[in-house]
Each structure stands twice: as C-alpha cells, then as structure tokens.
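Bear in mind the structure is a predicted one, so any value in this text is a computation, not a measurement. Reminder, nothing fancy here: chain letters follow the sequence lines and each chain counts from 1.
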Amino acid sequence: MTTPKPGELARTYEPNKIEGPWYDRWFDAGYFTPTINESKKPFVVIMPPPNVTGELHMGHALFVAVEDILSRWHRMHGTPTLWLPGADHAGIAGQWVVERELATKGMTRQELGRELFLDHVWEWMDRYRSRILSQLRTLGASCDWTRFHFTMDPGPSRAVRTAFKRLYDKGLIYRGERLINWCPRCMTALSDLEVDHEDVVGSIWTLRYPIADSDEFIEVATTRPETMLGDTAVAVHPDDERYKHLIGRFAILPIVGRQLPIVADAAVDPAFGTGAVKVTPAHDPNDFEIGQRHSLPAINVMNLDGTMNDEAGPFAGQTTQEARVNVVARLEADGFLVEVHEHTHPVGHCQRCGTIVEPMISKQWFIEMQPLAEPAIAVANDGTVRFVPERFKGTYLHWMENIHDWCISRQLWWGHRIPVWYCDCGEIVVTDQETVESCPKCGGHTLTQDPDVLDTWFSSGLWTFSTLGWPDETEDLRYFYPGSVMETGYDILFFWVARMIFFGIEFMGEAPFHTVYLHGTVRDELGQRMSKTKGNVIDPTVITQAFGSDALRFTLITAGAPGADMKLSEQRVESNRNFGTKIWNATRFVLRGLEPASIARDADGTPLAPTRADTTLADRWILSKLETLTADVDDLIANFQLGEAGRRIYEFLWSEYCDWYIESTKVVLNGDDEAKQAAARQTLVYVLERSLRLLHPFMPFLTEELWQHLPHAGDSIMVAPWPDADQGNIDLVAVAEYEFMMDAVRAVRNARAESAVEAGTWISAMIYPGSHLTTIQSLEPVFSLLARIGKGRFEYRDEQLEAPKAVVTLVIDDAIIYLPLAGMVDLDAERERMTKEIEQTEEEIARTGQLLANDNFTSRAPAEVVERQRER
RNA sequence: GGGCGAUUAGCUCAGUUGGUUAGAGCGCCACGUUGACAUCGUGGAGGUCACUAGUUCGAGUCUAGUAUCGCCCACCA
C-alpha cells in the first residue's frame with residue numbers, strides 16, 4: 001500500500017515545477033523501456049522525426065500528443081509499448097541545411113568540396129540528435145530515447161543495402177535511360193512526388209512545319225518552343241481525316257532542317273489544338289512514350305544546368321528562357337510562326353528550391369512499382385490496414401493504383417550510397433556489404449561505387465523493421481513487428497506511409513501497422529500554414545513554458561477532429577491551463593481535512609467506492625456519472641476519438657464534479673452526520689482518483705502530481721491500471737432525482753438574478769413537491785446552500801397555490817416552487833418571463849400532442865422514443 | 001481535367017450507427033471575493049446548423065444538386 005505524498009499540495013499549479021522532474025523519474029524508473037511479454041501483443045507506434053532544422057513545430061507537438069495518449073492508454077491496460085522514433089529526414093535534410101548555411105556564407109557546394117561538405121553534415125547531425133531528444137522530453141513523449149536512430153546509423157544502413165540487393169535480384173530494381181524530372185539548380189533527379197505543379201500564365205505558340213516535297217504545311221502547337229530543336233517527329237491521330245494522307249511522309253523542322261517522320265499515334269487528341277503534335281522525346285513525358293512506340297531518336301538539347309547544349313546549334317549556351325525568346329523570334333522572322341495565345345498551364349517546380357523542373361532523359365535507377373503496389377492495394381481494401389479518418393483510404397488507393405515507377409537515384413552528396421559497384425571489366429556488382437574488395441568475374445580490384453545516393457524515402461520506407469534489427473531475425477523484430485499505429489500528417493501519406501506499407505509487405509510479408517492515423521495541419525490564428533519565412537511560427541517550447549505541455553497537449557487534442565486542419569490560438573491553451581488549475585484546486589479541497597487512513601482501500605491500496613448504505617443522492621449521482629464516463633472514454637480512445645474523450649473528461653471534472661458534486665458535499669462535510677461525512681470523503685477520493693487515471697494520458701504531469709497526494713496504489717499513475725467501469729455503481733433513480741434538483745436550483749438562481757435579489761440574501765420558498773417530496777426533503781440542505789434558501793424556510797404545500805400573488809412561480813417537472821420575493825420582484829419583468837414561459841410550454845405541448853396524434857409516429861418510432869414523448 | 005474536405009453562436013470549433021429544448025472555449029452583459037479555485041463562481045444575451053429539393057413518423061446528421069472557400073492528384077501538346 002502506498003501512502004499519499006506527504007506535505008500539502010502547493011497552493012498554486014505551476015506546470016514548470018512538476019513536468020521536468022516527473023519526466024526524469026519516469027525515465028529513470030525504466031517505464032519507457034520496451035519489454036517483451038509473450039502473452040501480450042505489444043503496442044508499437046511509428047514516430048516521424050522532428051523537422052530538418054532540428055527545431056520543433058506544432059505538427060510534432062500534435063503527433064507526440066496523439067502517440068503518447070495512445071501509448072499511455074495501452075500501458076495502463078497492461079500492454080507493452082514501443083516507439084520507433086527516427087530522424088529519417090536527416091538523409092535529405094542534412095544536405096538541405098548545409099546548403100542553406102553555405103548560401104548564407106556565399107559559398108557553393110562545389111566550392112566547399114564533397115569531403116568537407118560531408119563533415120559539415122555529420123557535425124550538424126550530432127547537434128540535431130541531442131536537440132531532438134530534449135524536445136521530445138519537453139512534450140512529455142513517453143518513449144525510450146535510447147532507441148533513437150538515424151537511417152544513416154550502421155543498422156539501418158545495412159538494411160538499406162540488403163533491401164536494394166533483394167529488389168535488384170528479384171528484377172524489381174533496374175537502371176535505365178528514362179525521362180525523369182531534373183532540377184537544374186540542385187543538379188539531381190527527382191521523383192514525381194518531389195515536383196510541385198503550379199499554374200503559370202504562359203503562351204501557346206502555333207508553328208507550321210513544311211511538309212517535305214510539297215507546298216503543304218502541318219501546324220503544331222507548343223508551350224515550350226525552345227524544345228522544338230529536339231523534335232524528332234510529328235504525330236497525328238490515326239483516324240484523323242485531315243492528316244491521313246501525310247502519315248508516313250516527312251515534315252522539315254525549321255531552323256534545324258531535320259526530317260521529321262509523321263507518325264500515327266492514338267495518344268493524340270484530334271480535338272485539341274490543330275490535332276497534330278510535335279514530338280520531343282527527350283523533354284516531354286508524353287512524347288517520350290510516343291518516341292518509344294515509334295522507335296524515334298531522343299535528342300537532348302539541354303545541359304544539366306538548364307542551359308542549351310550543342311544540339312541547340314545557334315542557341316547553345318543560352319538559358320531556356322533566352323532560347324525561348326530567340327527561337328520564337330527566329331521562327332517569326334522565317335515565317336514559321338502562325339499565332340500566339342496566352343495559355344495557363346501547370347509547370348513543375350522543385351519542391352526544395354522552387355526552380356522550374358526540366359524533364360530530361362537520364363540514366364537513373366528505378367523501382368518497378370506494379371508488383372509492389374498490388375499487395376499494398378489489397379491490404380487497404382481488405383481492411384488489414386485501416387485509415388483514420390477513413391476518407392484517406394480513397395486517397396491512398398487512388399495514388400497506389402496510378403503509380404509510376406519510382407526513380408530512386410539522386411545526384412546529391414548526402415544520403416545512402418547506391419550499393420552498386422562497377423568493375424573495369426564491365427561487371428556490375430550489387431552488394432549488401434559496405435565495400436566490394438574484388439570483382440567476382442575478373443578478380444580485379446579496380447571497382448568504383450556508383451556515385452549517386454538513394455532517395456531519402458527509400459530508407460524511410462524500411463523504417464518499421466530496419467530499426468528492429470532486420471535483416472537479422474532478432475527478438476525485437478519477431479516481437480515488435482508488425483507495429484500498431486502509424487501516426488502522421490496527411491501531407492506525407494504518399495512519401496512515407498505508402499512506401500512503408502509496400503516495403504513492409506515485400507520484406508516482412510505483412511503490413512507494418514494496422515492503423516494509419518492522420519492528423520491535420522496546425523495553422524496559425526489566421527489559418528495560414530506556419531512557416532519560417534512568414535514568421536508566424538508558434539514555437540511549442542514557448543507555449544510549453546508559459547502554460548505547460550499538459551495544456552498544450554490537451555489543446556491540440558481537443559481543438560479539432562482527426563484529419564482536420566486546426567487553427568491554434570494561445571488563448572485556447574491558456575483556458576486549458578486553467579482547467580489544470582481547476583483540478584489542482586479541486587484536489588486541494590479533497591485533501592483538506594482528509595485523514596488518509598480513514599479512506600477504505602482494497603488490498604492493493606486503491607480507494608474503494610463508498611458503502612452504499614451511507615451515501616447520499618449526490619454521492620450516488622456522481623458515482624453513476626463516473627462509471628458511465630469511464631466506459632465511454634475507454635470506448636472513444638479505442639476508436640481513436642481522442643478529442644471527444646478529452647472533452648468528456650473535461651466536462652465531467654469541471655461541470656459535474658467541481659460545480660455540483662463538490663458544492664453538494666460542503667453541506668455534508670460541515671454537518672454532523674459522521675457516516676455521511678465518511679461516505680462523502682470516500683466518494684470524493686474515489687471519484688477523483690479514478691478520474692485522474694482517465695485523464696492521465698491527456699495530462700500526464702498534472703495527474704501524476706495530484707495522484708501522488710491522494711491515497712493510491714502503486715508507484716506511478718503511469719503504470720496504474722486503467723479503471724474498469726463498475727456497472728453496480730450506476731443508480732439511475734439517483735441520477736434522475738439529483739438532476740431534478742439541479743434544475744430546481746438553476747430555476748431559483750435564475751429567478752433571483754432576474755429579480756435582482758442580492759447574492760447574499762437568504763430567501764424563503766413554498767414548495768408543492770408533486771412526485772418529488774422525498775427527493776427535495778433529502779436534498780434540502782444542499783438545495784438550501786446552492787439556491788440560498790434559508791434553513792427552515794422551506795414550506796411544503798399539499799396543494800398548488802391558487803392565484804398566487806407577489807411570488808415568482810417556478811415549474812420543475814410536476815413540482816412547483818413559489819418564491820415570495822415581495823418587494824424584490826420586478827412585476828413587469830416577471831410577467832414577461834411568465835408569458836414567455838407559457839408560450840414555450842404551449843408550443844411544446846402542441847408539438848408533443850401532434851406527434852402522439854400521428855399514427856405514423858406511434859406505430860413506427862421505437863417504443864422508448866414514444867414513451868419519452870408521452871411522459872411530457 | 002479528376003478527387004476530397006469545409007460551410008453550426010460575434011470569433012475558433014465539437015457534434016461516429018437519424019431521436020426530447022443543437023453544445024464548448026473565448027468574447028459580450030449583469031451580479032458576486034461565502035474557507036478548493038478571480039487562472040474563479042452564478043445568471044443572461046446570442047444559431048433558419050450555407051442554399052434547394054428529396055428519403056423518413058422524425059434530418060445539423062442520409063441522398064442529389066447549387067454556391068463560396070480550401071486542399072490533393074494530373075504527361076493534353
């Protein structure tokens with residue numbers, strides 16, 4: 001049995017004083033250390049890393065909140081928990097941050113050199129790691145940070161090579177000359193996902209190409225005239241009557257003079273533009289495919305830095321923008337330009353630097369997606385992987401079903417090196433080892449590794465098992481895979497979540513988690529995305545310092561619904577801090593004059609519910625409410641309705657426990673009925689102790705501190721069991737009767753306020769109790785206190801008053817309360833109020849009557865609904 | 001071009017199987033420091049649940065359409 005923490009609870013609630021120390025104690029006690037318990041399935045969350053600069057933003061506070069609530073709830077249910085936290089973005093972020101640093105120093109990456117560059121990244125990564133850990137702690141994350149990995153760490157690194165090799169051996173990874181997205185500034189290939197499309201107002205030029213050996217022309221349209229230098233064909237629809245006679249003949253490319261075959265291809269839409277398309281396989285994805293189908297040459301007219309190359313003839317060395325102007329001018333001068341229109345069309349921009357992305361032919365590594373996508377589609381369809389909220393399932397499926405092969409090589413300086421070595425003899429060696437000593441074919445030692453690195457999401461996709469020791473069959477891997485919940489923002493659904501799913505299935509045989517919980521974006525008060533450049537970022541640590549991480553967490557959880565964007569205001573956090581203060585003070589009330597030894601407890605030391613014989617209506621009412629709450633909250637959390645669960649606890653503690661129950665007990669505690677006093681104390685402690693356990697996942701620090709001061713069992717609320725709802729405590733009669741009294745109290749208070757009775761004045765009441773005589777009599781002392789009706793000034797009547805004068809008449813159910821507020825009553829106001837009330841009552845009677853008169857209603861509505869109406 | 005979401009009180013938002021009189025926080029008005037709490041209490045004002053039609057005994061909730069805002073996806077030259 002644990003004794004309550006000695007000493008009085010501090011007078012004021014100061015989050016900063018309890019949060020740090022509690023975190024340390026929990027950590028030292030090993031509560032965050034994952035354990036293997038063969039009889040229980042573990043709860044495993046996948047945690048995204050804090051962002052690239054190592055600074056925390058609200059999104060992280062949000063996912064920590066969700067994951068920590070779920071973890072603590074599971075832990076209280078006796079389930080072993082594990083977080084897989086990782087700094088995975090570091091792969092790409094390292095490069096990004098260092099480049100930004102260089103930019104501020106006026107240096108380019110090339111000037112710094114590769115070796116120094118990599119040193120910089122490592123140095124930065126170390127700082128990053130320690131900063132993240134302290135931030136997680138600030139947010140109250142109950143995870144074991146000794147497991148904190150980067151994908152660049154040796155374990156995950158080896159997993160990356162192994163995964164690459166297995167996919168390669170299976171024929172799913174291939175290297176090929178394909179049209180890819182190229183960022184001329186970053187000088188690297190990009191995957192489709194890393195290209196943002198943005199509508200740009202540009203022009204569409206109609207050109208005419210002469211037909212060889214004829215006076216005819218064929219008209220084609222383009223939005224990028226400079227690429228015409230790389231044209232290798234003109235395509236028309238095979239059934240297009242206008243051009244049928246030209247198929248198989250040649251057009252002459254202006255300026256260059258190249259002969260372009262006129263080919264027929266069904267991809268051409270005869271209704272769009274002129275119905276004829278110039279084909280530039282090297283610089284347009286659509287044209288690339290036409291080129292493949294017709295074996296057309298692809299002529300690359302650009303350099304990697306986005307300037308025109310020698311293929312561009314007179315325009316070589318110009319930027320694409322310059323070349324565009326000059327090409328158009330030349331075409332116009334030569335009479336090949338037909339017309340120009342303004343035209344808005346989407347243009348791809350590099351996600352990281354905003355530069356216009358050029359489609360280019362390049363030799364890159366790809367993953368063939370079809371075989372990986374199919375099972376990943378199946379697990380979503382059959383419910384093996386569930387999405388919260390559900391609508392994201394559609395988004396996910398749509399993407400998976402239309403997926404293209406994934407370009408995984410990047411020409412960056414930081415990342416996992418592609419584990420492929422080239423021998424002088426022409427042999428290509430794909431390996432899961434760090435280095436290759438000699439060529440397996442010729443035995444030579446002059447091997448060079450592919451200079452490219454992998455897309456950072458390749459290693460991220462392996463996260464769920466690479467951190468557990470894969471490819472070794474470790475204990476951790478066996479027990480903790482698959483995980484449970486992936487919690488993240490919907491913005492990386494494709495980048496990360498989707499890839500974890502298909503890699504999980506591919507390498508582990510089953511999906512890495514059963515639930516994907518997606519939260520919305522946290523926005524500022526104006527609804528804008530928080531961003532550094534806008535300067536509207538609210539730093540969670542600043543909020544945490546002011547109001548505590550409990551308040552921040554509670555706000556993030558209760559302010560919105562899953563998957564919905566949320567505007568965060570400081571004011572709201574402040575109100576939730578006030579909620580903490582409220583509970584703090586309620587606990588002080590409970591502790592005042594409490595003899596811990598007199599509280600009945602079970603064998604473990606947990607406070608028991610009071611003995612029923614001694615309880616008052618109020619006790620039975622709050623006990624009933626607590627049990628209902630307990631069951632509801634458990635259910636809501638199990639269904640990921642965390643916000644609703646939090647709001648219910650808030651409502652219970654503040655409105656029911658504090659505003660009504662505590663007030664009710666004051667009468668008993670100040671009275672002289674010792675049995676009732678003991679029952680009230682028992683109830684106060686029992687309800688509060690259990691409520692704190694319900695609230696613990698939402699406000700871990702506050703609840704721990706208060707719980708320690710109450711009689712309780714065990715060392716920490718964090719490992720205390722989640723309360724079981726005890727249906728035996730539910731007393732529906734008590735609920736109905738107590739709520740009748742609440743109505744009566746509200747009515748009297750209202751009447752007093754309207755009649756401007758001084759708050760301190762004690763008044764009298766004449767009561768026609770109807771069916772509530774026992775209730776009113778037993779609650780008379782409480783009623784007296786709450787409604788400020790003088791003791792001994794209750795006058796019970798057997799009959800209703802006839803034509804009462806100078807009294808305020810209150811009807812509550814079938815009872816009537818008359819308040820002789822003579823001299824205090826504003827007659828006109830009272831008349832107005834009564835008139836309004838009569839109107840409302842009449843309306844209601846009419847409505848109810850109508851409903852009951854309606855055969856359809858009485859025959860079709862469920863009996864209990866009809867019954868409810870009849871009662872009125 | 002396709003898909004999705006939002007629209008509820010002055011503001012920010014809850015409201016998951018359709019069911020009494022639609023809720024909260026903040027703000028506003030009035031009163032109040034009575035021994036847990038002014039980081040508070042009590043009472044009050046404030047809503048045609050965007051619009052239209054439908055299904056139903058009954059719709060904020062389900063269906064279809066309209067409007068406005070927002071997001072995602074997309075190789076139409």
Side-chain angles (χ1 to χ4, degrees), chain A residues 9 11-13 179 192 197 204 220-224 235 267-269 271-280 284-289 345-346 348 359 389-392 394-395 398-399 402 404 490-491 493-494 521 525 527 547 555 558-561 563-569 571-572 574-592 636 639 641 643-644 647 650-651 655 658-659 662-663 666 670 746 749-754 756-760 785-786 788 840 843-844 847-848 851 854-862 864-866 868-869 871-872:
Chain A
L9 196 52
R11 195 174 167 77
T12 48
Y13 166 45
L179 196 79
D192 293 345
H197 290 92
I204 183 163
V220 295
T222 181
T223 54
R224 298 164 67 215
V268 179
D269 177 2
F272 187 91
T274 61
V277 187
K278 65 185 214 46
V279 181
T280 323
D284 182 282
N286 217 358
D287 294 0
F288 179 78
E289 289 186 9
H345 61 121
E390 208 168 343
R391 68 185 133 90
F392 285 108
T395 316
H398 181 260
W399 185 76
N402 295 289
H404 289 59
Y490 58 73
D491 48 341
L493 178 61
F494 305 137
T521 316
E525 279 152 311
F547 305 112
T555 304
T558 55
D565 288 353
M566 153 186 1
K567 292 175 203 169
L568 182 77
S569 73
Q571 216 170 35
R572 203 160 179 139
E574 190 180 347
S575 336
N576 285 321
R577 189 275 320 268
N578 294 351
F579 173 53
T581 307
K582 186 75 183 177
I583 306 166
W584 187 275
N585 285 315
T587 307
R588 286 178 58 225
F589 174 82
V590 172
L591 291 173
R592 178 180 291 262
L636 286 166
N639 288 301
Q641 302 291 319
E644 188 60 18
R647 284 187 290 267
Y650 178 100
E651 176 75 11
S655 308
C658 290
D659 289 351
I662 285 188
E663 292 307 316
K666 286 179 179 171
N670 292 331
R746 282 195 199 102
R749 282 172 170 171
N750 182 358
R752 294 175 58 113
E754 301 231 324
V757 176
E758 295 251 337
L785 179 76
L786 298 183
R788 255 189 129 62
Q840 278 178 354
E843 262 175 46
E844 204 168 310
R847 204 172 33 236
T848 309
L851 259 181
N854 189 330
D855 287 345
N856 280 330
F857 175 70
T858 45
S859 60
R860 294 192 202 178
E864 60 177 70
V865 175
V866 176
R868 265 206 304 262
Q869 288 296 333
E871 277 168 16
R872 306 166 63 175

J.: Say we look at B/rC69 and B/rC31: how far apart would their P atoms be, to the nearest angstrom?
T.: 45 Å
J.: Look at the side chain of A/R592 and decide which nucleotide, out of B/rG15, B/rG43, B/rG35, has an atom nearest to it.
T.: B/rG35
J.: Rounded to the nearest 0.5 Å, what separates atom OG1 in A/T223 from atom NE2 in A/H345?
T.: 4.5 Å
J.: Within the 4.0 Å heavy-atom criterion, would you say A/A559 contacts the bases, only the backbone, or no part of the nucleic acid?
T.: sugar-phosphate
J.: Look up atom OG1 in A/T12 and atom CZ in A/R588, then write down how far apart they are to the nearest 0.5 Å.
T.: 8.5 Å
J.: Tabulate atom names and distances for all N/O pairs under 3.5 angstrom spanning the protein and nucleotides 5-7 of chain B.
T.:
none

J.: When all nucleic acid strands are considered with a 4.0 Å heavy-atom cut-off, which category describes A/R588: base, sugar-phosphate, or nothing?
T.: sugar-phosphate
J.: Hey, is the side chain of A/N402 poking within less than 4.0 Å of OP1 or OP2 on B/rA74, counting only N and O atoms?
T.: no
J.: Within the 4.5 Å heavy-atom criterion, are A/N576 and A/T558 side-chain neighbours or not?
T.: yes
J.: In whole Å, what separates the C1' atom of B/rU8 from that of B/rA24?
T.: 13 Å
J.: A/H345 has a side chain; which of B/rA36, B/rA77, B/rC75 sits nearest to it?
T.: B/rA77
J.: If you look at every strand shown and take non-hydrogen atoms under 4.0 Å, does A/D284 touch a base, only sugar-phosphate, or nothing?
T.: nothing
J.: Answer yes or no: side-chain N or O of A/E754 and base N or O of B/rA30 forming a donor-acceptor pair under 3.5 Å.
T.: no
J.: Could you work out the separation of B/rA30 and B/rG23 based on their P atoms and round it to a whole Å?
T.: 25 Å
J.: Say we look at B/rG27 and B/rG5: how far apart would their C1' atoms be, to the nearest angstrom?
T.: 29 Å
J.: Which nucleotide in the set B/rU39, B/rA14, B/rA77 lies at the smallest distance from any side-chain heavy atom of A/A564?
T.: B/rA14
J.: Roughly how far, to the nearest 0.5 Å, is the CD atom of A/Q571 from the OG1 atom of A/T555?
T.: 11.5 Å
J.: Measuring only the P atom in each nucleotide, how far is B/rU48 from B/rA64? A whole number of Å is fine.
T.: 27 Å
J.: Under 4.0 Å, counting only non-hydrogen atoms across every strand here, what does A/R647 touch: a base, just sugar-phosphate, or nothing?
T.: sugar-phosphate
J.: Can you check the A/E651 CD to B/rG15 P distance for me, whole Å?
T.: 15 Å
J.: So how far is it from A/F589 CZ to A/E663 CD, rounded to the nearest 0.5 Å?
T.: 7.5 Å
J.: Under 4.0 Å between any heavy atoms, over every strand shown, what does A/T581 touch: base, sugar-phosphate, or nothing? Just pick one.
T.: base
J.: Could you state the atom-to-atom distance from CD of A/E390 to P of B/rU17 in whole Å?
T.: 14 Å
J.: Under 4.0 angstrom, heavy atoms only, what part of the nucleic acid is A/L636 near: base, sugar-phosphate, or nothing?
T.: base
J.: Using a 4.0 Å heavy-atom cut-off, does A/A561 contact any base of the nucleic acid, only the sugar-phosphate backbone, or nothing at all?
T.: sugar-phosphate
J.: With rounding to the closest Å, how many angstrom separate the C1' atoms on B/rU63 and B/rU21?
T.: 28 Å
J.: Okay, side chain of A/N585, backbone of A/T581: is any donor-acceptor separation there less than 3.5 Å?
T.: yes
J.: Starting the side chain at C-beta, find the nucleotide from B/rU39, B/rU34, B/rU12 nearest to A/R788.
T.: B/rU34
J.: A/D284 versus A/P359: any side-chain heavy-atom pair under 4.5 Å?
T.: no
J.: Taking any heavy-atom pair under 4.0 Å as a contact, classify A/F288: base, sugar-phosphate, or nothing.
T.: nothing
J.: Using the rule given for side chain to side chain donor-acceptor pair (under 3.5 Å), can you reason through A/K278 versus A/T280, listing the C-alpha separation, both sets of side-chain angles and the distance that settles it, and then say yes or no?
T.: CA-CA 7 Å; A/K278 65 185 214 46; A/T280 323; 3.0 Å; yes
J.: Evaluate the ring planes of A/W399 and A/F494, with Trp represented by its six-membered ring, and classify them as parallel (under 30°), tilted (30 to 60°) or perpendicular (over 60°).
T.: parallel
J.: Nearest-Å distance, NE2 (A/H398) to C1' (B/rC73)?
T.: 6 Å
J.: Counting just side-chain N and O atoms, does A/K582 come under 4.0 Å of either OP1 or OP2 of B/rG41?
T.: yes
J.: With rounding to whole Å, what would you report as the distance between B/rC51 and B/rA45 at their P atoms?
T.: 24 Å
J.: CD1/A/I662 to SG/A/C658 distance, rounded to the nearest 0.5 angstrom?
T.: 4.5 Å
J.: Between A/T521 and A/Y490, is there a side-chain donor-acceptor contact under 3.5 Å, judged purely by atom types and distance?
T.: yes
J.: If I take atom CZ in residue A/R752 and atom P in nucleotide B/rG32, what distance separates them, rounded to the nearest angstrom?
T.: 12 Å
J.: Given atom CD of A/E663 and atom C1' of B/rC40, what is their separation to the nearest angstrom?
T.: 11 Å
J.: Looking at B/rC71, B/rA36, B/rA77, which one has an atom nearest to any side-chain atom of A/Y490?
T.: B/rC71
J.: Please convert RNA chain B into dot-bracket. A pair counts if it is Watson-Crick or G-U wobble with both distances under 3.5 Å; crossing pairs go in [ ] and bases paired with another strand get |.
T.: (((((((..((((.....[...)))).(((((.......))))).....(((((..]....))))))))))))....
J.: For the side chain of A/F494, starting at C-beta, report the closest nucleotide among B/rC75, B/rC73, B/rA77.
T.: B/rC73
J.: For A/K567 and B/rC13, give me the distance from atom NZ to atom C1', rounded to whole Å.
T.: 9 Å
J.: Should the side chain of A/R749 and the base of B/rU42 be counted as holding a donor-acceptor pair, with the cut-off at 3.5 Å?
T.: no
J.: For A/D192 and for A/D659, locate the closest nucleotide of RNA chain B by heavy-atom distance; then report the residue assigned to the nucleotide nearer the 5' terminus.
T.: A/D659
J.: Contact class for A/Q641 (heavy atom, under 4.0 Å): base, sugar-phosphate, or nothing?
T.: base
J.: Hey, which sits more toward the 5' end of RNA chain B by its nearest nucleotide, A/G560 or A/H197?
T.: A/G560
J.: What distance, rounded to whole Å, do you find between the two C1' atoms, one in B/rG15 and one in B/rA9?
T.: 14 Å
J.: Determine whether a donor-acceptor pair (N or O, by modelled atom type, separation under 3.5 Å) exists between the side chain of A/R577 and the backbone of A/Y13.
T.: no
J.: What is the distance, rounded to the nearest whole Å, between atom CG of A/L179 and atom P of B/rA77?
T.: 15 Å
J.: B/rC40, B/rC31, B/rG15: which one has an atom nearest the side-chain heavy atoms of A/A759?
T.: B/rC31
J.: Does A/K666 have a side-chain nitrogen or oxygen under 4.0 Å from the phosphate oxygens OP1 or OP2 of B/rG35?
T.: no
J.: Starting at CZ of A/R746 and ending at P of B/rU21, how long is that distance when rounded to a whole Å?
T.: 18 Å
